[in-house]
Amino acid sequence: MEELASKYNPADVESKWYQYWLDNGFFKSKPDGREPYTIVIPPPNVTGVLHMGHMLNNTIQDILVRRARMMGKNACWVPGTDHASIATEAKVVNKLAQEGIKKTDLTREQFLEHAWEWTRKHGGIILEQLKKLGASCDWDRTGFTMDETRSKSVIKVFCDLYEKGLIYRGVRMVNWDPKALTALSDEEVIYKEEHSKLFYLKYYVADDDMSGETGAEGEIIHRDAKGRYAVVATTRPETIMGDTAMCINPKDPKNRWLAGKKVIVPLVNRVIPVIEDEYVDIEFGTGCLKVTPAHDVNDYMLGEKYNLQTIDIFNDNGSISEAAGMYVGQDRFDVRKQIEKDLDAAGLLEKTEDYNNKVGYSERTNVVIEPKLSMQWFLKMEHLAKIALEPVMKDELKFYPPKYKNTYRNWLENIKDWCISRQLWWGHRIPAYFLPQGGYVVAENEEKALELAKAKSGNNNLTIADLRQDEDCLDTWFSSWLWPISLFDGINNPGNEEIKYYYPTSDLVTGPDIIFFWVARMIMSGYEYQGDMPFKNVYFTGIVRDKLGRKMSKSLGNSPDPLDLIDRFGADGVRMGMMLSAPAGNDILFDEALCEQGRNFNNKIWNAFRLVKGWEVKEMEQPESAQKAVKWFKQQLNKTIAEINDCFDKYRISEALMAVYKLFWDEFSSWYLEMVKPAYQQPIDKETYEATLNYFETLLKLLHPFMPFITEELYQNIKERDAKDSIMVSLLPKVEEYCEKNINRMEITKGIIAGIRNVRANKGISPREAFEMYYKGSDFDGKNNSIIEKLANVSKITEATDEIKGAAATFMVSTIEISIPLGNNVNAEEEIKKMEEEIKYLEGFLAGVEKKLSNEKFVANAKPEIVEKERKKKSDAESKIATLKENIAKMK
RNA sequence: GGUCUUAUAGCUCAGCUGGUUUAGAGCACCUGCCCUACAAGCAGGGGGUCCUAGGUUCGAAUCCUAGUGGGACCA
């Protein structure tokens, strides 16, 4: 066979094996008699590029899918992309702007043509990138939230919910994004702490008759040459143009005198009533609240309650509207600066204070949200929240880590109706059709709409041209919430073969940041439309941060390019780097050094393989040491497989990886291979060789879900394989019974070998010089003597019944004392000092144990096996101390 | 402000229903080694008042309370 390079080069093999897997259709899944294992991908934005979050997320999914496949399940990982309404539309608008085209100059159809072109050009790049990572998705199933099947599903669900009375249309206070020019849901608003100013404004009393003063304790009256006035504290002085009332708390003695009066809005000079409501916080500012029903959610509620006028002073883009009567056309933030000056000049600004408050920003465009009254479509959430809560709280649908159950419950219990309309073109257009004489109908298509419209209006002469479809489209999440159903066409074809087979899906892997946007809503739609959970388990990954704990962002430039990492460390190395740092739910502090560790591990596997494949095989007797090693490794292997299975059951994936890592590196490479390795240029016996290849193959299988490429490469090189024999469709070993005693014996053996090597290192004695070894202690059974002889270069092993001739280096392993006679090489004083230190430690330990045992309450209350353990500790420690003391005596 | 969560080695974390020696791992660090699988390696080594203060208990890193410091979500 050809000579293998001493360093593993991932680039040589990765694309080759990915293509091989594709060519053989190993990623494909069709319903059959096997147990299904299904994951639907969290669809990334169609025009997005791969970032570290995707890497983490998809590595985990691929590990789970590959493992399930190797457990004999019918594994199906469905990929796809999201049309990402706002984000994509914003990108298209930007691109058009660069070409000098304004969106408003285009018709809806023209704009959509540009958007589709953009999508065709940039769409799906991210899926190609996932292939580089090794993702074993069934690419034939790739879905898009705006393709035909998914679009039909969305419209059908909208109509259904409308018919059920769960969708309604109305004027409500919504979060308005003045840049994207659309309403947003509550979840799309991000609150940020800001340093701002609190402005104290003077509202003079109108037609003041000087009445109302009570002289009661706490009363505060402001007056100056122009008369009496109230002081209102606000962070948004520019909204005074929309003031239609002032509100005080009826229990507030400071402002009692204002009750029933009217006051004058500064600069605007509008006279507004003073109303009273306990909603007002007496302690905030002066206890006087300006009420602007059009521009604040709480003020809106007051407006409804007291039937106040609403004056909308903003245009959709955040500039001041005609209705304001002043500053018309200027930007809201410019006006805030200007009005401060104008108020001050007019003597209407009492004072300003520094103030920290939380301001809502648009998740997508990062501009300050404007609360705005507008006509929107809403989905009632009460019923949906109810059906989605219980299964999670009862752990029928499990969250990993479970702490997110709390977050989930909190949201569902305080949920508000979902604003699902967006004033955008890129998305699913709302299937509502307005009639010429007013009113509307909701229908899946124009024909049905026309029928309904005729019936509704009683006008049989209506034509489709008479109907006007709602211009708005739906929130992106209104399509992704159906993803686990719509990918299997369960909305359009309820009960079809695929949905019956694949639904509920098995695991969902996603970030906790979209628990409300997506996870919760999928659970709602799952129960509403399938009567069952959309997935059995949700694995929440952490957020990927840099090693200093900062979020990865473009502006910080601290986000590595995943493809660049793959180039440098190989996909397997990067996958391992991600997983080493990623316990479920914890944020992961990503450090390139972890990819390096991954790459180093690849190299270790590669070199172990080079060793094994370099052996010359011969029919000959199996050495005893090899026979013992082969027997032991089987036990160790099974023990670790059990451990790995347990980790996976608990979704402790990084721990599972660490277990395989140590199994391969420490147990297999450092111990097993050294035990069976023939002397330089000597052949190996066939029996050992074959056992070793078998172990190697098993290890590769265990490693495959984590590191698909190198494991396939080596699996194919272990022996000649059939064209269709791939590691990715092989079966993982089932865990077998293992002998704990055998493993413990080897642990002692390893301890002895390490001890002897240590003696050599300390004394500077060459490994070539053979030692004799004496042991003392009943725990030594001599069964691994051949291994000790081989790995520690020991010529003879004898029980130390007689006094050992000459000076010896001694050490203890468990309760066994090992002595290596070294003649003049031993410095007796040094040895004695070492032993005395050991005795000191043991005596301290013994004292602790004795204290426990002499405590009557401990002996009486503790479980008998615990007491027994303590007694064993005591006797072990005592015997060790005795041995050491004896030894010191001998050396003196 | 509300809810939740967390604090263990230089870093990232295990440590499960309290008792597996006087707390572990990986990485990093230090000291030796190019000994033909592997320097992307090998052999050794150091390193912790388990955040603080109380409490429960025969026994606390583990359970409870308070405080302090992180983090997340919601308003």
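So you know, we letter chains A, B, ... as the sequences are listed, proteins then strands, and number each from 1.
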Do Phe696(A) and Tyr715(A) have ring centroids that are under 6.0 Å from one another? no
Would you kindly say whether Ser185(A) and Glu188(A) are connected by a side-chain donor-acceptor distance under 3.5 Å? yes
Gap separating the CD atom of Gln682(A) from the OH atom of Tyr680(A), nearest 0.5 angstrom: 11.0 Å
For G18(B), give the paired nucleotide (Watson-Crick: N1-N3 plus N6-O4 or O6-N4; G-U: N1-O2 and O6-N3; both under 3.5 Å), or none. none
Which class fits the ring pair Phe668(A) and Phe633(A): parallel under 30°, tilted 30 to 60°, perpendicular over 60°? tilted
Base paired to C63(B) (Watson-Crick or G-U; both N/O distances under 3.5 angstrom): G55(B)
Between Tyr404(A) and Phe540(A) (judged by ring centroids, cut-off 6.0 Å), do the two rings come close enough to count as a pair? yes
Applying a 3.5 Å limit to both distances, which nucleotide forms a Watson-Crick or G-U wobble pair with C42(B)? G32(B)
Distance check, rounded to the nearest 0.5 Å: Phe609(A) atom CZ versus Leu693(A) atom CG? 8.0 Å
Is there a Watson-Crick or G-U wobble partner for A23(B) with both distances under 3.5 Å, and which nucleotide is it? none
For the pair made of CZ in Phe811(A) and P in G45(B), what is the distance, rounded to whole Å? 12 Å
When you check the gap from the basic side-chain N to the acidic O, do Arg521(A) and Glu187(A) get nearer than 4.0 Å? yes
Rounding to an integer number of angstrom, what distance separates A7(B) and A75(B) when you compare their C1' atoms? 27 Å
Applying the Watson-Crick and G-U wobble criteria at under 3.5 Å, what pairs with U68(B)? Answer none if nothing qualifies. A7(B)
Would you classify Glu655(A) as touching base, sugar-phosphate or nothing, given that sugar-phosphate means primed atoms plus P, OP1 and OP2, and contacts are heavy atoms under 4.0 Å? sugar-phosphate
Contact class for Asn861(A) (heavy atom, under 4.0 Å): base, sugar-phosphate, or nothing? base
Taking for each residue the nucleotide of RNA chain B with the nearest heavy atom, is it Lys416(A) or Glu870(A) whose nucleotide lies nearer the 5' end? Glu870(A)
What does the list of N/O pairs under 3.5 Å between the protein and nucleotides 38-43 of chain B look like, with a distance for each?
residue: C38(B); atom: O4'; partner: Asn607(A); partner atom: OD1; Å: 3.3
residue: C38(B); atom: O4'; partner: Asn607(A); partner atom: ND2; Å: 3.4
residue: C38(B); atom: O2'; partner: Asn607(A); partner atom: ND2; Å: 3.2
residue: C38(B); atom: O2; partner: Lys604(A); partner atom: NZ; Å: 2.8
residue: C38(B); atom: N3; partner: Lys604(A); partner atom: NZ; Å: 3.0
residue: A40(B); atom: O4'; partner: Asn600(A); partner atom: OD1; Å: 2.9
residue: A40(B); atom: O2'; partner: Asn603(A); partner atom: ND2; Å: 3.2
residue: A40(B); atom: N3; partner: Arg599(A); partner atom: NE; Å: 3.3
residue: G41(B); atom: OP1; partner: Asn600(A); partner atom: ND2; Å: 3.4
residue: G41(B); atom: O3'; partner: Lys604(A); partner atom: NZ; Å: 3.3
residue: C42(B); atom: OP1; partner: Lys604(A); partner atom: NZ; Å: 2.8
residue: C42(B); atom: OP1; partner: Trp665(A); partner atom: NE1; Å: 2.7

Which residue lies toward the 5' end of RNA chain B, Leu594(A) or Phe516(A), if each is placed at its nearest nucleotide? Leu594(A)
Which part of the nucleic acid, if any, lies within contact of Arg760(A), taking any heavy atom under 4.0 Å across all strands shown: a base, the sugar-phosphate backbone alone, or nothing? nothing
Base, sugar-phosphate or nothing for Lys358(A)? Non-hydrogen atoms, less than 4.0 Å. base
